[in-house]
There are 2 protein chains.
Amino acid sequence: MECTLVKKIYREAESFSKKEVKISGWVRTIRASNAFGFIEINDGSFFKNVQIVFEKELENFKEISKITISSSLTVEGEVVLTPDAKQPFEIHAKKIIVEGNSDSDYPLQKKRHSFEYLRTIAHLRPRSNTFSAVFRVRSLAAFAIHKFFQEKNFVYTHTPIITGSDCEGAGEMFKLTTMDLNNIPKDENGDIDYKKDFFGKESNLTVSGQLSAETFALAFRSVYTFGPTFRAEDSNTARHAAEFWMIEPEIAFADLEDDMELAEEMVKYVINYVMENAPEEMAFFNSFVDKTLFDRLKNVVSSDFGKITYTEAVDLLLKSGEKFEYPVEWGIDLQTEHERYLTEKIFKKPLFVTDYPKDIKAFYMRINDDGKTVAAADLLVPGVGEIIGGSQREERLSVLEARMEELGLNKEDYWWYLELRKYGETKHAGFGLGFERIIMYITGMANIRDVIPFPRTTGSAEF
Amino acid sequence: MECTLVKKIYREAESFSKKEVKISGWVRTIRASNAFGFIEINDGSFFKNVQIVFEKELENFKEISKITISSSLTVEGEVVLTPDAKQPFEIHAKKIIVEGNSDSDYPLQKKRHSFEYLRTIAHLRPRSNTFSAVFRVRSLAAFAIHKFFQEKNFVYTHTPIITGSDCEGAGEMFKLTTMDLNNIPKDENGDIDYKKDFFGKESNLTVSGQLSAETFALAFRSVYTFGPTFRAEDSNTARHAAEFWMIEPEIAFADLEDDMELAEEMVKYVINYVMENAPEEMAFFNSFVDKTLFDRLKNVVSSDFGKITYTEAVDLLLKSGEKFEYPVEWGIDLQTEHERYLTEKIFKKPLFVTDYPKDIKAFYMRINDDGKTVAAADLLVPGVGEIIGGSQREERLSVLEARMEELGLNKEDYWWYLELRKYGETKHAGFGLGFERIIMYITGMANIRDVIPFPRTTGSAEF
């Protein structure tokens with residue numbers, strides 16, 4: 001007999017009534033008397049367990065009665081609908097085969113464990129309810145993002161992970177080498193001889209695929225990246241990881257308005273997709289992780305996102321009378337406390353803040369006519385603060401070059417980026433979405449370490 | 001007026017007849033007389049160009065007549081069907097706006113360029129026909145892979161890029177550090193003090209996500225990875241890159257037969273998806289890159305893949321009478337010449353070779369009852385050789401430990417991997433597909449550098 005996925009039986013329970021099925025999975029709970037017993041099995045295909053009823057007529061009744069949590073079983077039996085029970089059906093076992101026993105020191109017994117403890121057993125935690133839900137949602141959200149952009153004819157672009165140039169500030173980058181660190185080759189001046197390194201020059205791990213993505217946007221019109229990015233920042237917070245995944249769409253013949261429209265549509269699409277395709281997981285998060293979750297997400301998908309300029313935002317914060325830890329004045333980088341006040345207290349919905357002072361934003365953002373702000377837009381959401389940072393890109397070669405000079409950037413390092421402005425430039429824009437940030441937002445999980453299978457943070461690269 | 005994508009007009013040309021449209025794109029060719037002219041524009045949404053007809057009644061006729069290749073334009077005009085022409089329609093311009101001029105030294109003029117030359121302008125090459133087709137196919141194939149696995153309820157798993165342990169041989173791995181290479185911290189014994197490094201220990205870039213994926217397969221039953229992997233191998237060939245993307249499905253309650261079935265289904269699915277969704281690009285490859293392409297791919301999707309054991313394969317090669325550069329005997333690792341002979345000359349279709357000698361395969365592969373071979377399966381395809389390597393994994397703790405000891409592997413480094421065998425182990429299997437390899441196979445492109453947006457190879461990390 002072929003194995004049936006538990007998900008399929010749940011989704012089509014009626015049609016399985018009184019049918020024989022075969023399922024395989026892991027024991028989550030077991031209760032047994034001398035005459036019969038109940039086993040809850042999770043087969044990995046679905047958030048919920050299936051209840052197996054077994055009786056002493058089973059040939060290996062004794063063995064099964066003593067089976068340990070997390071042992072793997074194959075069960076053949078009949079599906080019996082149970083309209084009055086919590087579960088819509090159970091399986092009455094005719095045969096149970098033990099695939100693999102689990103040692104009695106299995107660390108994930110039924111009692112509740114702290115998330116901190118579960119991080120120390122990251123190889124087992126996806127077997128718990130919470131992490132089963134988190135990582136299934138992560139998978140669905142990733143697919144939703146691909147689906148969204150592919151349906152819009154965007155070209156998925158794998159921008160390089162290894163970069164040979166240090167385009168965004170070396171302090172935060174991981175260096176990459178194949179040199180013998182005990183015996184680093186030196187040139188005649190006593191400097192490190194990078195010519196002897198793998199790529200013949202210094203190399204680092206990428207912090208953003210944007211500049212590369214722009215080259216593709218100016219060929220394919222609409223592209224997106226979805227890949228890992230890295231920060232060697234020594235910041236041990238619940239929101240920062242050294243390795244995380246980022247989505248960076250880039251659109252040609254488009255301005256900041258188009259960019260914000262795309263971001264809003266994407267966020268709503270991903271939330272809707274996950275709500276539709278993981279209703280059990282989402283109900284679990286709403287009950288056990290964050291009771292405001294559904295209200296918050298429903299508010300997001302049904303709102304028209306707000307829009308104000310940075311200058312207006314600063315005015316609103318100053319007028320609010322609120323005492324902030326970081327004092328507000330025009331020119332400061334907004335802190336999470338400011339962002340959350342704006343989106344939670346004033347607007348009560350997602351909010352784009354646009355046109356930031358150029359001095360707190362990156363060199364490639366398009367300078368506005370006022371000469372002091374840039375066409376940037378950050379998306380702030382209730383409960384989190386910023387989840388998206390975007391901008392229209394500076395397409396005017398002379399303006400861009402002047403800006404780079406002002407910031408002391410070496411034009412030779414960016415020759416190909418600057419050439420885009422020589423050969424058929426057009427207005428274009430893009431944004432970056434931290435994938436883990438949106439997973440935290442969708443699940444209510446508060447620590448980035450708990451939405452990454454094997455997180456890498458300052459001082460920690462276990463597993 | 002809203003912009004319309006050229007792809008949409010091509011796909012629904014009839015319904016656009018005599019309608020006004022607005023399009024934006026880049027000039028590919030221009031011919032003009034004193035009275036009228038033709039511009040071919042590519043808008044990035046579609047492989048084919050659209051022909052714009054413009055006449056001297058245009059306000060800026062003179063400027064447009066002299067427009068340079070790769071300049072970006074916005075055109076408003078009427079769609080006129082041209083049933084007798086090569087293109088199904090053209091657009092009669094009423095208004096043409098120059099978005100951005102292109103300098104006359106634009107390096108991608110109409111004449112043909114070598115792929116080698118185009119690599120030196122990787123920021124512009126997606127504007128050429130060949131690379132426009134390559135990278136659109138790459139995007140579609142990536143999506144096809146996600147779609148295939150998601151439809152089968154597989155969980156997409158982001159396994160870590162940074163690894164804190166050296167599980168597969170340090171020689172081929174990139175080292176990662178934030179230490180000052182001019183002043184590497186040393187401990188009291190004069191050894192490098194990795195406690196002072198970012199993660200508090202040595203760290204490397206991943207060569208495979210498989211071991212991590214196994215942990216998730218034993219929770220979710222069926223999972224897949226799709227992410228970048230790295231080799232610091234000093235091999236300057238047309239088939240090797242230092243950075244490439246890999247797909248690694250892992251399935252629980254499954255053996256080698258299930259694994260091969262999955263691989264065959266996936267390969268056929270991806271080819272079919274690309275053929276259906278990129279017919280223009282594929283026709284281009286079949287005409288200009290590899291005239292045997294369609295025959296080859298049709299053979300793949302319509303064949304039942306062959307299956308022989310390694311031992312049978314060696315017998316067939318020995319009996320063939322063929323003179324190989326590398327002599328054949330039982331125990332050798334099959335070379336590309338052997339693989340191609342088997343799949344091209346003998347079987348004339350894709351072929352799984354199974355049950356390789358354990359000494360030439362990895363420690364985690366399941367030992368067969370004969371004690372000298374392992375339950376491995378490589379997929380060989382005509383024209384390329386191996387594109388997939390898979391195996392059933394050794395689930396028996398004692399056998400796995402004995403094998404690791406034999407190979408001198410340190411069990412402490414693999415404590416979590418070994419624990420999977422203690423807590424409800426089951427038979428499971430998986431395979432790895434090099435994404436670039438299948439893109440080369442589908443497009444006929446012969447060099448891996450030409451299917452990666454910005455390739456990283458020995459001595460080269462440009463852009």
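Per chain, numbering begins at 1; letters A, B, ... match sequence-line order.
- For A/S212, the parts lying under 4.5 angstrom from a heavy atom of chain B are both the backbone and the side chain.
- Classified by interplanar angle (parallel below 30°, tilted 30° to 60°, perpendicular above 60°), the ring pair A/W245/B/Y156 is perpendicular.
- The aromatic rings of A/H158 and B/F435 sit perpendicular to each other, their planes meeting at more than 60°, with 30° as the lower class boundary.
- Contact of B/F47 with chain A is not made at all, since no heavy-atom distance falls under 4.5 Å.
- We find that A/R221 and A/E250 are not joined by a salt bridge, their nearest charged nitrogen and carboxylate oxygen being 4.0 Å or further apart.
- The salt bridge (charged side-chain N to carboxylate O under 4.0 Å, His left out) check on B/R456 picks up nothing, with sequence neighbours excluded.
- For A/K422, the NZ atom sits in a packed shell: over 12 heavy atoms of surrounding residues, nucleotides or ligands are nearer than 6.0 Å.
- Proximity to chain A is limited to the side chain of B/K7, based on heavy atoms less than 4.5 angstrom apart.
- The pair B/R231-B/E243 fails the salt-bridge criterion, with no side-chain N (NZ, NE, NH1 or NH2) lying under 4.0 Å from an Asp/Glu carboxylate O.
- Both the backbone and the side chain of B/L218 have a heavy atom closer than 4.5 Å to some heavy atom of chain A.
- Residue contact with chain B, scored on non-hydrogen atoms closer than 4.5 Å, involves the side chain of A/P228 exclusively.
- Within a 6.0 Å sphere centred on NZ of A/K186, heavy atoms belonging to other residues, nucleotides or ligands number more than 12.
- For a residue to count as touching a neighbouring chain, one of its non-hydrogen atoms must lie under 4.5 Å from one of that chain's; by this rule A/Y194 touches chain B with the side chain only.
- Top candidate by heavy-atom pairs under 4.5 Å with chain A, chosen from B/E99, B/H146, B/R421, B/K8, is B/H146.
- Interface residue B/A217: only backbone heavy atoms are found under 4.5 Å from chain A.
- Looking at B/N101, the atoms closer than 4.5 Å to chain A (heavy atoms on both sides) all sit in the backbone: N, CA, C or O.
- With chain B as the partner, the residue from A/F230, A/F154, A/F46, A/Y106 showing the most heavy-atom pairs under 4.5 Å is A/Y106.
- The part of A/T159 that comes within reach of chain B is its backbone (N, CA, C, O), which places non-hydrogen atoms under 4.5 angstrom from that chain.
- Of the atoms belonging to A/S71, it is backbone heavy atoms, and not side-chain ones, that fall under 4.5 Å from chain B.
- The parts of B/I162 that come within reach of chain A are both its backbone and its side chain, each placing non-hydrogen atoms under 4.5 angstrom from that chain.
- Chain B forms the most heavy-atom pairs under 4.5 Å with one residue out of A/G424, A/G459, A/G44, and that residue is A/G424.
- With chain B as the partner, the residue from A/D234, A/V155, A/T157 showing the most heavy-atom pairs under 4.5 Å is A/V155.
- Of the two parts of B/L205, only the side chain, counted from C-beta on, holds a non-hydrogen atom closer than 4.5 Å to a non-hydrogen atom of chain A.
- Note: B/Q150 leads B/R136, B/Q150, B/R138 in heavy-atom pairs under 4.5 Å with chain A.
- Heavy-atom distances place the backbone of A/T457, and not its side chain, under 4.5 Å from chain B.
- The part of A/F131 that comes within reach of chain B is its backbone (N, CA, C, O), which places non-hydrogen atoms under 4.5 angstrom from that chain.
- Only the backbone of B/S460 comes within contact range of chain A, judged by heavy atoms closer than 4.5 Å.
- Heavy-atom distances place the side chain of A/I184, and not its backbone, under 4.5 Å from chain B.
- Between the A/N153 side chain and the B/S45 main chain, a donor and an acceptor come within less than 3.5 Å of each other.
- Looking at A/E425, the atoms closer than 4.5 Å to chain B (heavy atoms on both sides) all sit in the backbone: N, CA, C or O.
- For the 3.5 Å distance criterion, the side chains of B/T426 and A/S72 fail to qualify, holding no donor opposite an acceptor.
- Highest contact tally toward chain A, considering only B/F454, B/F199, B/Y423, B/W26, is held by B/Y423 [criterion: heavy-atom pairs under 4.5 Å].
- Heavy atoms closer than 4.5 Å to chain B are found nowhere in A/I121, neither backbone nor side chain.
- If you run ring-ring contact (aromatic ring centres under 6.0 Å, His included) between B/F143 and each of A/Y224, A/F143, A/F149, only A/F143 comes through.
- Remark: of the listed residues A/W415, A/Y414, A/Y417, A/F216, A/W415 is the sole one forming a ring-ring contact (aromatic ring centres under 6.0 Å, His included) with B/F463.
- Side chain to side chain, B/T177 and B/D197 meet the donor-acceptor criterion of an N or O pair below 3.5 Å.
- A donor-acceptor contact shorter than 3.5 Å links the side chain of A/R28 to the backbone of A/R127.
- The two residues B/F135 and B/P126 come nearest to each other via the heavy atoms CD1-CB, 4.5 Å.
- Per-residue counts of heavy-atom pairs under 4.5 Å with chain A were compared for B/P107, B/A242, B/S70, B/G200; the largest is that of B/S70.
- Here A/F220 contributes atom CZ and B/S139 contributes atom OG; the two are 8.5 Å apart, rounded to the nearest 0.5 Å.
- Considering all non-hydrogen atoms of both residues, B/A141 and B/I439 come closest at CB-CD1, 3.6 Å.
- Judged by distance alone, the side chain of A/K196 and the main-chain N or O of A/M179 form no donor-acceptor pair under 3.5 Å.
- Side-chain rings of A/H428 and A/F253 stay apart, their centers remaining 6.0 Å or farther from each other.
- For a residue to count as touching a neighbouring chain, one of its non-hydrogen atoms must lie under 4.5 Å from one of that chain's; by this rule B/S104 does not touch chain A.
- In this structure, chain A has no heavy atom under 4.5 Å from any part of B/I452.
- For B/S222, no part lies near chain A; criterion is any non-hydrogen pair under 4.5 Å.
- Contacts of A/E395 with chain B are absent, with no heavy-atom separation under 4.5 Å from either backbone or side chain.
- For A/I69, no part lies under 4.5 angstrom from a heavy atom of chain B.
- Residue B/D105 touches chain A through both its backbone and its side chain, counting heavy-atom pairs closer than 4.5 Å.
- Most heavy-atom pairs under 4.5 Å with chain A, from the set B/C3, B/G190, B/G25, B/P455: that is B/G25.
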